[in-house]
Amino acid sequence: MRPLDYVRTAFRDIITQPVRCVLTVAAITLSSALLVTLVSIGITTREAVVGHFEQGDTLSTIMVSANSSVGGGFFGSSIQATDTSAEKLTDETVSRLEKLRGVTSATPQVSIWELRSFAFDGNPTSYVSNTIATSNAGTAKPLAAGTWFDNADKTPNIVLGNGYLKALGIKDAQSAVGRTVAFTSVQGYRGTTAQIPAWNASSQAKATFDRSRTTIAATIVGVTRPSANDNQVYVPLEWGRAVQSPRVSTPTGETMTDSIAKNGYSNVLVTAASQDAVPGIAKDIEGLGLGAITYQKQIDQINQLSTVVWIILGSVALISLISASLGIVNTLLMSVSEQKQVIQIWRACGASKRMISRLYFIQAFIIGVVGAVAGGLIGYFACRLINARIETVLSSQGLESLQLPPPSLAVLAACMALSVLIAVTAAFYPARVAAKKITG
Amino acid sequence: MGTQAVVSTKNIVKSYGKGNAVLHGADMTVQTGEFVAITGPSGSGKSTLVRILGLLDQPSGGTLELFGTGLPKGDRALSRLRNEAIGFVFQDYRLVPHYSVLENVCVPLKINGISPRKRKKRASELLKLVGLGDVLERKASDLSGGQQQRAGIARAIAMQPKLLIADEPTGNLDSETGEKILKILTTIHKSLGTTLIVVTHSETVAKRADRIIRMQDGRLIG
Ligand SMILES: Nc1ncnc2c1ncn2[C@@H]1O[C@H](COP(=O)(O)OP(=O)(O)OP(=O)(O)O)[C@@H](O)[C@H]1O
Ligand SMILES: [Mg+2]
């Protein structure tokens, strides 16, 4: 028999039962659409997240924290009750870190929660402040424009995370330099002119003062390059120290508490000479009884987690594909038993068992191909819709775009091939029945 | 081949299951160009025998030679032989009901790998020959019994077989229609020299044959 005649005959056989055929194809279509969607969203999201971390120089930096228990990981860190004997991060720690082999810089950092929010001049929207006071950060973080502030800068000069440019609608970093930003501060630095309540003032008066807000203007002197921590604002350590040292009235006059000196730094950002040196340095840091979080570790954990998620999603899709292929088995078996007479006629006219079983394989192949192609297309467009939706959700929450790509053609082709393969595999039993049981 | 035997059997036995012997050792020879009628009471094993001769069934024992040689081994070779050398006409016509008349006649040609153009040409010629030239595109199930049997014959001779076997070809038809069918078969036998084996209950049909083989209880009795 000619190849084209096989296809024609198989096709003719399929369309004698149009409803059943459409339902079978629909099952394959849905499950292969599911496969394409889940697999490519799994892959592209992972790539986007990992790619995001790999931007800039983040991979060669290590975040050092005081308590070694928090170094456990991004997802797996255990929370411990604060141990009073836990080492705090002091200038001495910083200089010890600087002396470690392969370390190019160690930059102390303090999160300044007192600066609640900030707004750009001429821009009505205010942003929740994620402000970090830091010193000599210039060696750790490259800038897209401007310069880093002086280490000992007591004036409010700031370096802006690159992510805010988009929020501001500024295309190039250079034009952000020189603009001013207004921080809202509570419970901290109030400027030298603030009227602080007397030590014996009523608690109500003190509470009112605590709730009151002060606005502090700062000048943007630099903008970071795009990286994983784009939504941070850096201020000079000394200014940050001032913000964190509120004046309080005491019976003997006013005093200031330097809470940075008291509590130590929040963390120290260590830069390695190269990416390869990172694991060794992280070990050394842990050897000092400190916690070390590397981005590589985080990426590994994201990879690990997303692989697990990916496998689960993939299995769900695979299971649905397999159950759809049981539909093919059923359809073909029904067709075989209904076409028993026809098969016998074909046999009497000289068709071999092989021809008969081939006809059933080709039927399964046609159903599989039609289902897989339709499913692939649906999956492709579903992915684009879902990606668009993810972006909408991210941007509505003020999060940065992941810029998810559409499913790759390789993924699409692989999923389609898998669907066809499963459909053809499903044809083995019915084809065998057709060839052996019916024709004897 | 020439004057060789088209069919030659030795001690053919057929049983379904254990001990249910339907054929108890059939020995027969049919020469090239012969027209043989097989008669006998119902259940005597006529259909069983000719199904074995037509390679539609396998004997439980004994030897069968077709066209002077033993049977080839394997399903593909047997199917090929069935396709190219043997035509089979059934009592109940056995057309594919949802195919057109033309498509039905094309089945053996298609199996043989003949191109669509050639097989259509050949099939419609044959259908004209049996008087179905004007119903080529009709669905097979829409035809009358006599018409269906004519289509069945056209299909059986599509590959120009050396052996044509008809199992009660007129059994489902009235005598007038049956007569026409018989005429077609004898014409084929005479004009093409096709060896013809016809199973029949009708003595008038049997009398037309060169030779009559009678069967009883699974045995050939002369
Ligand atoms: N597939 C089968 N399984 C079991 N027994 C069968 C089978 N086919 C035929 N038989 C039995 O074999 C015997 C012979 O049947 P066969 O059809 O050959 O008879 P026949 O001579 O053609 O009869 P009829 O003139 O009625 O067509 C019968 O008793 C029948 O019941
Ligand atoms: Mg019979």
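Every chain is numbered from 1 and lettered A, B, ... according to where its sequence line falls, protein lines coming before strand lines. Below, each value reflects all heavy atoms present in this structure, side chains not excepted, and no hydrogens, waters or symmetry copies.
The two residues Ile114(B) and Asp5(A) make their nearest non-hydrogen contact at O-OD2, 4.3 Å. Contact record, Ser352(A) with Ser79(B): CA-OG, 3.3 Å, taken as the closest heavy-atom pair.
Between chain A and the residues Met159(B), Arg94(B), Lys110(B), the most heavy-atom pairs under 4.5 angstrom are made by Lys110(B). Annotation: maximal heavy-atom pairing with chain A below 4.5 Å, among Pro116(B), Gly113(B), Gly54(B), occurs at Gly113(B).
Looking at Leu55(B), neither its backbone nor its side chain comes within 4.5 Å of chain A, counting heavy atoms on both sides. At a 4.5 Å heavy-atom cutoff, the contact between Tyr99(B) and chain A is made by backbone and side-chain atoms alike. Contacts between Glu84(B) and chain A at a heavy-atom distance below 4.5 Å are absent for every atom of the residue. Using a 4.5 Å cut-off between heavy atoms, Arg51(B) makes no contact with chain A at all. Residue contact with chain A, scored on non-hydrogen atoms closer than 4.5 Å, is absent for Leu81(B).
Of all residues spanning residues 7-28 of chain A, those with a heavy atom less than 4.5 Å away from chain B's heavy atoms are Arg8(A), Thr9(A), Arg12(A), Thr16(A), arranged by number.
A 4.5 Å side-chain heavy-atom check between Leu56(B) and Arg347(A) finds every atom pair outside the cut-off. Side chains of Arg2(A) and Ile111(B) form no contact here, defined as non-hydrogen atoms less than 4.5 Å apart.
Annotation: the span from Arg76(B) atom CZ to Arg354(A) atom CZ amounts to 4.0 Å, rounded to 0.5 Å. The CZ atom of Arg155(B) sits 4.5 Å away from the SG atom of Cys349(A) when rounded to the nearest 0.5 Å. Rounded to the nearest 0.5 angstrom, Leu4(A) CG and Ser115(B) OG are separated by 11.5 Å.
Heavy-atom neighbours of Arg122(B) CZ from other residues, nucleotides or ligands within 6.0 Å: above the threshold of 12. The number of heavy atoms from other shown groups lying within 6.0 Å of CZ (Phe35(B)) is above 12. The local environment of CD in Glu338(A) is crowded, with over 12 non-hydrogen atoms from other residues, nucleotides or ligands closer than 6.0 Å.
Salt-bridge check for Lys436(A) with Asp75(B): failed, with every basic side-chain N at 4.0 Å or more from each acidic carboxylate O.
Listed by chain and number, the residues in a side-chain hydrogen bond (donor to acceptor under 3.5 Å, both in side chains) with Arg358(A) are Tyr6(A) (sequence neighbours excluded).
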As a quick check of understanding, evaluate side-chain contact (heavy atoms from CB on, under 4.5 Å) for Val342(A) and His98(B), giving each step before the final call. CA-CA 10 Å; Val342(A) 177; His98(B) 55 273; 4.3 Å; yes
